[in-house]
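Worksheet for the structure shown next.
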Amino acid sequence: MEERIVRAKGLNFAVVRAGKFRREFFASRVAQVLNAGTLGPNARDAVRTVAGVGDALRVLRRFRPDAVFIKGGFVGVPVGIAARLLGIPYVVHESDVVPGLANKLLARWATKIAVGFPVKHYRDWPADRLVQTGNPVRQEILRAHRLEGLAKFHLRDDLPVVLVTGGSQGSRQINDCLMAALPELLQFAQVIHVTGEGEYQRLQFEQRRQPKPEHTERYQAFAFLLAEMAPALAAADIIVGRAGVNSIVEAAVLGKPLVLIPNYEMAGHQVANAHLLSRAGAARVLGGRNLTPEKLVAELRHLVDDPAEQARLSQAVRAFARPDAAAALAELVWSVGEVRFIHRTKQKPNVEADSSEESA
């Protein structure tokens with residue numbers, strides 16, 4: 001997916017092999033590493049990561065950058081190692097409140113560590129290298145208008161719009177809950193449902209097996225939205241989704257009321273993100289035993305019927321907005337690269353002078 005998006009923007013794309021480290025949550029760290037279920041895949045992915053360092057070395061030598069920007073994730077590890085081996089400074093960006101394993105490793109050698117939330121929440125990292133830049137959002141999201149979104153998705157202006165998304169691959173938990181809630185939910189709202197590419201076919205099959213609810217014209221499902229996500233967000237009165245950082249920052253810059261459903265079983269960073277917003281009064285949080293179709297409908301009906309609560313959530317979530325995050329990140333990376341560039345260009349005349357003396 002990343003390659004498709006990058007190439008669509010007319011940018012070069014280079015593949016670097018990488019492997020992730022799988023962990024089962026045992027009390028002992030030794031048991032986590034030596035667990036039979038993860039030992040084989042981890043060993044194979046360790047080989048892939050070593051090969052990825054070779055890939056990254058070749059890419060960096062070809063592009064000869066003055067700075068490297070690493071967003072995080074396991075693919076960033078071989079790139080960061082290669083940059084360190086070549087003496088190229090790099091900036092790591094951590095979007096979530098709880099750093100991922102890759103960024104924990106990469107932060108040790110990073111020149112700067114950019115973070116999405118206030119630096120006080122990142123106590124395990126050196127304060128002198130932390131910079132709060134926020135998390136970038138696409139400019140088209142800021143420019144989209146509600147009426148544009150209503151027209152794009154053929155929605156009515158006199159009914160609230162709920163946008164439900166579980167990320168690019170989808171969330172079975174959210175999707176199953178929403179499908180069960182649809183008959184009642186569509187009585188008072190319209191729904192744009194981004195199922196995720198990994199879930200779309202399954203849900204279409206499930207829908208064919210179920211009796212159709214009334215007001216089917218009020219429900220629209222999509223596997224994935226890219227350019228259309230901006231008008232979908234503009235049309236939405238309420239956003240329901242995982243507590244991934246993209247959902248949060250997009251809602252924040254637009255001031256949209258949020259209902260977050262973090263993955264309590266798999267994604268600790270989502271839980272931490274959700275708790276941070278919940279404590280700030282910036283989102284309603286459902287999940288675990290609190291997530292049933294009945295409770296989802298009740299939560300959404302409550303928000304639809306309470307404009308004052310919507311306004312309060314909207315105001316609170318705006319405190320997490322950084323519309324200038326992309327510029328702040330670019331300036332940070334530029335400043336890190338500029339130091340190396342100046343040093344490198346100052347060294348060149350000296351090298352040439354030494355060569356002339358030797359020739360003479």
Side-chain angles (χ1 to χ4, degrees), residues 141 144-242 247 250-251 254-261 283-287 290-311 313-314:
I141 287 174
H145 192 275
R146 174 176 167 78
L147 292 179
E148 174 194 352
L150 294 176
K152 178 74 176 178
F153 294 97
H154 308 289
L155 300 169
R156 292 167 49 179
D157 192 24
D158 60 342
L159 277 175
V161 178
V162 179
L163 172 63
V164 182
T165 175
S168 60
Q169 293 304 309
S171 162
R172 176 166 289 215
Q173 181 190 30
I174 292 176
N175 289 340
D176 287 346
C177 182
L178 177 65
M179 299 312 294
L182 271 183
E184 190 172 352
L185 181 58
L186 295 182
Q187 298 293 327
F188 62 90
Q190 302 168 98
V191 176
I192 301 173
H193 183 193
V194 185
T195 66
E197 292 187 326
E199 283 278 284
Y200 185 70
Q201 295 297 331
R202 182 185 73 86
L203 286 184
Q204 283 200 318
F205 176 74
E206 289 295 329
Q207 278 184 287
R208 287 195 291 269
R209 296 177 55 201
Q210 302 297 329
K212 289 188 176 182
E214 296 179 53
H215 307 297
T216 53
E217 75 282 357
R218 298 180 184 178
Y219 172 77
Q220 297 181 55
F222 304 89
F224 182 69
L225 293 178
L226 187 57
E228 299 87 354
M229 194 62 179
L233 287 163
D237 296 290
I238 300 168
I239 298 173
V240 178
R242 286 290 193 218
S247 298
E250 289 169 352
L254 298 174
K256 302 285 184 176
L258 265 176
V259 176
L260 297 178
I261 305 175
R284 308 282 292 184
V285 178
L286 295 175
N290 291 326
L291 183 62
T292 64
E294 294 75 20
K295 288 185 177 180
L296 178 61
V297 169
E299 187 68 57
L300 292 172
R301 186 183 287 278
H302 167 71
L303 286 176
V304 165
D305 293 341
D306 192 345
E309 176 66 2
Q310 287 188 50
L313 286 171
S314 176

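Computation of the quantities below employed the complete heavy-atom set of this structure, encompassing side-chain atoms and omitting hydrogens, waters and symmetry-equivalent molecules.
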Are any side-chain N or O atoms of [X] and backbone N or O atoms of [Y], one a donor and one an acceptor, separated by less than 3.5 Å?
| X | Y | result |
| --- | --- | --- |
| Gln190 | Arg156 | yes |
| Gln310 | Leu303 | yes |
| Arg242 | Ile261 | yes |
| Arg146 | Ala234 | no |

Kindly compute the distance separating [atom1] ([X]) from [atom2] ([Y]), expressed to the nearest 0.5 Å.
| X | Y | atom1 | atom2 | value |
| --- | --- | --- | --- | --- |
| Leu225 | Phe153 | CG | CZ | 5.0 Å |
| Gln201 | Glu199 | CD | CD | 11.0 Å |
| Leu147 | Asp157 | CG | CG | 6.5 Å |
| Leu150 | Asp158 | CG | CG | 10.0 Å |
| Leu291 | Glu299 | CG | CD | 11.0 Å |
| Arg284 | Glu309 | CZ | CD | 5.5 Å |

Nearest atoms (heavy-atom pairs only) where [X] meets [Y]:
| X | Y | value |
| --- | --- | --- |
| Thr165 | Ile174 | O-CD1, 4.1 Å |
| Pro231 | Ala227 | CD-O, 3.5 Å |
| Asn175 | Thr195 | ND2-O, 3.1 Å |
| Val194 | Phe224 | CG1-CA, 4.1 Å |
| Lys295 | Leu286 | O-CD1, 4.3 Å |
| Val304 | Ile238 | CG2-CD1, 4.0 Å |

Give the C-alpha distance, both sets of side-chain angles, the deciding distance and a yes or no for side chain to side chain contact (heavy atoms under 4.5 Å, CB included) between Val240 and Leu178.
CA-CA 10 Å; Val240 178; Leu178 177 65; over 6 Å; no

Please step through side chain to side chain contact (heavy atoms under 4.5 Å, CB included) for the pair Lys256 and Leu233, ending with a clear verdict.
CA-CA 9 Å; Lys256 302 285 184 176; Leu233 287 163; 5.6 Å; no

Take Leu155 and Ile192, measure what side chain to side chain contact (heavy atoms under 4.5 Å, CB included) needs, and give me the verdict at the end.
CA-CA 10 Å; Leu155 300 169; Ile192 301 173; 3.8 Å; yes

Check: [Y] and [X] side chains under 4.5 Å, non-hydrogen atoms:
| X | Y | result |
| --- | --- | --- |
| Leu186 | Val191 | yes |
| Val164 | Tyr219 | no |
| Leu296 | Leu185 | no |

Stepwise, does the side chain to side chain contact (heavy atoms under 4.5 Å, CB included) test hold for His193 with Leu203?
CA-CA 11 Å; His193 183 193; Leu203 286 184; 3.7 Å; yes

